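This report concerns only the one structure given below.
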Amino acid sequence: PEAITVGELAKRMGEKGADLVKELFNLDMMVTVNQTIDQDTAELLVEQFGHNIQKVSEADVDIAAEEDVDPEETLKPRPPVVTIMGHVDHGKTSLLDALRGANVVKGEAGGITQHIGSYQVKTKGGDEITFLDTPGHAAFTEMRQRGANVTDIVVLVVAADDGIMPQTIEAINHTKAAGVPMIVAINKMDKPEANPDNIRNRLLEHEVIVEKLSGDVQDVEISAKEKTGLDELLEKIALQAELLELKANPDRMAEATVIEAQLDKGRGPVATVLITRGTLERGNTFVVGTESGRVRAIVNDQGKQIKKAGPSMPVEVLGLGGVPSAGDVLTVVENEQRAREVAEYRQEKATEKRTALAPTSFDTMFNNLA
Ligand code: GTP
Ligand code: MG
């Protein structure tokens, strides 16, 4: 059952809030316009004022509530989304750099990844793989958790010269909680003190049994610095992805998940999103969280503007009304009016929630007076 504030109900009924408060007082209920009343009370009031009750289900207003499953025959294979996890400085960003032949680490402040970077890499066999880099610092745990939700496969990077560290364990737990397959990449094999078998044995303590110890978790020795073992890692990812039979319908209005978003000085609100299904096109109208917008530009992981983006592609979207939150879903809708309608509805709901939580009970008011 839905709760509603007296003020909001008055607005919807086209009556004065004070009149509703008065009526509620007659019913022995002491509430202010900002307080919420339950559905039964609201219905009673509506009847008292001689109005008709019109029930609107959530699905009529909010697309997120719609039952909307793509039929099997519309599904086509899509690239896997792989999240790189692991302890600080174990080499996550270096690994991604090596895979895409770029050099992001040098450009980072203090070499610590502050945000989730996302890139697509093509394997020698021609398969596309989408990679998400997650910050290794403890303060970013929440963001990492969100990263796991859009993830098909986790690559756990463990430095062979270090060991199983707190964030290694955290990553193992997130991966298990998400029910996602994991591939262990034992990094920094170029270092003389590298001891990969020690890593394998220590992983046992966390119930991660790698192939080399007859388990079912794939493991591979790599050096992001010397660029060794990378092809083998890509092969293992492709193999794992094949088993998952990842599919999405590309021929529909797009749906995407916000990976990160910020206010850019020159470009306005910018969101990095991962397309989960459908194809996002320039000019599309959309809602994302409580914001509506119209796609002004789509920028790919190379920084190039593109006209459209399909499933599993990470892209930047420009043309948002405001800055959404990481984890928000971006949904393309048929027109601007619909986008505004849904965004407004969500804003209203968000306000209602805040008001409902505000401490405005009569008891506290009287106590304060006494
Ligand atoms: P955070 O983003 O802070 O969590 O770190 P990260 O896991 O992304 O580590 P990053 O790639 O920034 O690497 C940390 C340090 O380890 C850097 O100085 C790298 O040059 C070094 N490093 C990474 N991979 C290797 C490797 O394979 N061998 C050696 N010798 N050093 C490496
Ligand atoms: Mg990093």
Side-chain angles (χ1 to χ4, degrees), residues 81-121 129-148 150-151 153-175 180 182-200 202-203 206 208 210 212 218-237 259-260 262 272 274 301 314 326:
V81 178
V82 179
T83 297
I84 313 264
M85 291 188 175
H87 194 70
V88 183
D89 278 353
H90 278 200
K92 300 176 292 295
T93 305
S94 299
L95 169 60
L96 263 171
D97 279 5
L99 289 170
R100 67 194 281 260
N103 200 339
V104 177
V105 172
K106 279 195 183 139
E108 288 180 342
I112 292 181
T113 304
Q114 302 284 355
H115 59 88
I116 301 177
S118 39
Y119 318 97
Q120 261 190 337
V121 170
I129 300 173
T130 301
F131 283 101
L132 301 181
D133 184 13
T134 59
H137 202 274
F140 299 99
T141 301
E142 201 197 329
M143 275 171 62
R144 191 194 297 124
Q145 267 170 319
R146 282 185 178 133
V150 290
T151 299
I153 297 166
V154 166
V155 168
L156 179 69
V157 176
V158 190
D161 64 334
D162 200 357
I164 310 302
M165 302 300 282
Q167 280 155 8
T168 313
I169 299 168
E170 221 178 273
I172 291 170
N173 292 337
H174 286 328
T175 307
V180 176
M182 181 165 74
I183 298 169
V184 178
I186 306 175
N187 190 31
K188 307 201 185 185
M189 284 301 294
D190 58 285
K191 288 201 163 184
E193 61 270 41
N195 187 349
D197 281 328
N198 173 51
I199 303 289
R200 293 186 178 96
R202 302 307 298 273
L203 281 170
H206 302 280
V208 176
V210 298
K212 198 160 175 224
Q218 299 194 84
D219 62 310
V220 51
E221 294 177 7
I222 63 163
S223 162
K225 190 178 168 206
E226 303 292 330
K227 297 191 177 18
T228 57
L230 302 185
D231 284 336
E232 198 188 335
L233 174 62
L234 289 176
E235 255 168 52
K236 294 201 177 209
I237 294 170
I259 305 297
E260 56 176 327
Q262 70 271 333
T272 302
L274 185 85
D301 58 353

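What you see below is based on every heavy atom in this structure, not just the backbone, and it leaves out hydrogens, waters and symmetry mates. Given the structure is predicted, the values throughout are model-derived calculations rather than measurements. Just follow the structure's listing: the first ligand is 1, and inside any ligand the first atom is 1.
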May I ask you to check if any N/O/S atom from S94 comes under 2.8 Å of the Mg ion (ligand 2)?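 No - counting backbone and side chain alike, S94 has no N, O or S atom under 2.8 Å.
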Do side-chain atoms of K225 reach the backbone of A98 as a donor and acceptor pair under 3.5 angstrom? no
Using a 4.0 Å cut-off to any heavy atom of G91, which atoms of ligand 1 qualify?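 Every atom of ligand 1 under 4.0 Å from some heavy atom of G91: 6 (P), 7 (O), 9 (O), 10 (P), 11 (O), 13 (O), 23 (C).
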Close-contact set for ligand 1 against S223 heavy atoms, below 4.0 Å: 27 (O)
Is [X] in polar range of ligand 1, meaning some N or O pair under 3.5 Å apart?
X	value
V88	no
K191	no
L95	no

Quiz question: by atom type and distance under 3.5 Å, do the side chains of H90 and N187 form a donor-acceptor pair?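 Absent: no donor and acceptor within the cut-off.
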Counting heavy atoms only, which of G229, S94, G86, A159 comes nearest to atom 13 (O) of ligand 1? S94
Ignoring hydrogens, just give me the one of E226, K188, K225, K227 whose non-hydrogen atom is nearest atom 16 (O) of ligand 1.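 Residue with the shortest heavy-atom distance to the ligand atom: K188.
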Stepwise side chain to side chain contact (heavy atoms under 4.5 Å, CB included) test for L233 and I183: CA-CA 8 Å; L233 174 62; I183 298 169; 4.0 Å; yes
Rounded to the nearest 0.5 Å, how far does CD1 of I186 lie from CG of D219?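 One gets 5.5 Å once the value is rounded to the nearest 0.5 Å.
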Is the shortest side-chain heavy-atom distance between V150 and L132 below 4.5 Å?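 The answer is yes, as the side chains (C-beta and beyond) meet within the 4.5 Å cut-off.
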Quick one: are T130 and D301 in side-chain contact, heavy atoms under 4.5 Å? no
Applying a 4.0 Å heavy-atom criterion (strictly less than), which segment of T93 is in contact with ligand 1: side chain, backbone, both, or neither?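 It is both parts that get close, each with some atom under 4.0 Å.
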Cationic N near anionic O, under 4.0 Å, K188 to D161: no
